[in-house]
Amino acid sequence: MTDREAGPAGSGPVTRPSRAGPLVQWLAAADPAGLMYGAIISATALASASLHDDGPTRVAVIAMGVVVIYWMADLYVHALSVRFDGDTRGLLHRLGSAALHKASVIKGGLPAIVVYVLAHAVGLESTTAAYVALSFSVVLLTVVGYVGARQADTPRRPALIEGMGAGFLGVVIMVAKSLLH
């Protein structure tokens, strides 16, 4: 694995050997943007679905369904947009390729849903379980933002601010849930 550095103006990124641990290397290779996108989508879906006490299974299925719908939309958009880059492969081949690359959206959406189900399994009400899952998502987004900044050699304090900014979106989702409930 290599880290990226900015090269001379106009030359694009330059790589250097990574000092990162296995988790950071996995995050970098797993499409962190897709992971974060999935986390945000599932947190938002859980916040919305848990507004009605339809039971934990229904809330989890609805949230996962929303993640899958966004993933499918992402696949379709990617499969069509690569045509503008000159991709001559057929639609099914482009969709298959996109499905492999964009699986990170699903992977990023699963943790909050699992946390919701586990929180409900230990006896929390649907709304409380959703807040636990949303809190988990805030922490996850904050950590990924911080780790990404540190991976880019950002000093600790600015990296912490960047991580907090990433987590702030989760806080906005929680506030929106409170206002809707």
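Note that these values count all heavy atoms, side chains included, but never hydrogens, waters or copies made by symmetry. Computed from a prediction, not measured in an experiment: that's the story for all the values here.
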Trainee: Find out if a path of hydrophobic residues (ILVMFWY) with successive side-chain heavy-atom gaps under 4.5 Å connects Ile69 to Leu110.
Mentor: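 No, it is not one cluster - the side chains of Ile69 and Leu110 are not joined through contacts under 4.5 Å.
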Trainee: Any pair with a residue in residues 154-176 that passes side chain to side chain donor-acceptor pair (under 3.5 Å), sequence neighbours left out, goes on the list, sorted by first then second residue, please.
Mentor: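 Every candidate side chain to side chain donor-acceptor pair (under 3.5 Å) pair involving residues 154-176 fails, so no pair, neighbours aside, qualifies.
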Trainee: Which other residues belong to the hydrophobic cluster containing Tyr76, where Ile, Leu, Val, Met, Phe, Trp and Tyr are joined when side-chain heavy atoms lie under 4.5 Å apart, directly or via other members?
Mentor: Leu80
Trainee: Among Ile, Leu, Val, Met, Phe, Trp and Tyr joined by side-chain contacts under 4.5 Å, find the other residues sharing a cluster with Ile161 and list them by chain and number.
Mentor: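 Besides Ile161, the hydrophobic cluster comprises nothing; the residue is isolated.
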Trainee: Contact between Leu124 and Val132 at the side-chain level, heavy atoms closer than 4.5 Å - yes or no?
Mentor: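 Answer yes - side chains close enough.
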Trainee: The criterion is side chain to side chain contact (heavy atoms under 4.5 Å, CB included); which residues satisfy it with Ser135, sequence neighbours excluded?
Mentor: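 Testing Ser135 for side chain to side chain contact (heavy atoms under 4.5 Å, CB included), a comparison that skips the adjacent residues, returns Met174.
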Trainee: Return the minimal non-hydrogen interatomic distance between Ala79 and Leu95, and the atom names on each side.
Mentor: CB-CD2, 3.7 Å
Trainee: Measure across Ala133 and Leu46 and return the closest heavy-atom pair with its distance rounded to 0.1 Å.
Mentor: CB-CD1, 3.8 Å
Trainee: Can you measure from CZ (Arg83) to OG1 (Thr88) and round to the nearest 0.5 angstrom?
Mentor: 7.0 Å
Trainee: For Leu118, check side chain to side chain contact (heavy atoms under 4.5 Å, CB included) against everything at least two apart and list the hits.
Mentor: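 Leu118: side chain to side chain contact (heavy atoms under 4.5 Å, CB included) contacts with Val114.
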Trainee: Roughly how far apart are Leu140 CG and Ser42 OG, rounded to 0.5 Å?
Mentor: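 Reported to 0.5 Å precision, the distance equals 9.0 Å.
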Trainee: Applying side chain to side chain contact (heavy atoms under 4.5 Å, CB included), can you list everything that pairs with Val68, at least two apart in sequence or on another chain?
Mentor: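 Counting only residues at least two positions away or on another chain, Val68 forms a side chain to side chain contact (heavy atoms under 4.5 Å, CB included) with Met64, Trp71, Met72, Ile106.
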Trainee: Which residues pass the side chain to side chain contact (heavy atoms under 4.5 Å, CB included) test with Leu141, not counting sequence neighbours?
Mentor: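 Checked Leu141 against side chain to side chain contact (heavy atoms under 4.5 Å, CB included); matches are Met36, Ala39, Ile40.
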Trainee: What pair of heavy atoms forms the shortest contact from His120 to Ala129, and how long is it?
Mentor: N-CB, 3.9 Å
Trainee: Calculate, to the nearest 0.5 Å, the distance between atoms CZ and OG belonging to Arg94 and Ser81 respectively.
Mentor: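 Arg94 atom CZ to Ser81 atom OG measures 9.0 Å (nearest 0.5 Å).
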Trainee: Answer yes or no: does atom OH of Tyr70 have more than 12 heavy-atom neighbours from other residues, nucleotides or ligands under 6.0 Å?
Mentor: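 No - once you tally the heavy atoms of other residues, nucleotides and ligands closer than 6.0 Å, there are 12 at most.
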Trainee: Search all heavy atoms of Arg150 against all heavy atoms of Ala159 and return the closest pair with its distance.
Mentor: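 The pair with the smallest heavy-atom distance is CD-CB, 3.6 Å.
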Trainee: Enumerate the residue pairs fulfilling side chain to side chain donor-acceptor pair (under 3.5 Å) with a member in residues 98-118, sequence neighbours excluded, ordered by first and then second residue.
Mentor: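 Qualifying pairs, neighbours excluded: Asp31-Ser104, Tyr116-Ser126.
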Trainee: Residues in side-chain hydrogen bond (donor to acceptor under 3.5 Å, both in side chains) with His93, at least two apart?
Mentor: Arg89
Trainee: Verify the cluster assignment for Ile41 and Val61: are they in a single hydrophobic cluster under the rule of side-chain heavy atoms below 4.5 Å apart?
Mentor: no
Trainee: For Asp74, check side-chain hydrogen bond (donor to acceptor under 3.5 Å, both in side chains) against everything at least two apart and list the hits.
Mentor: none
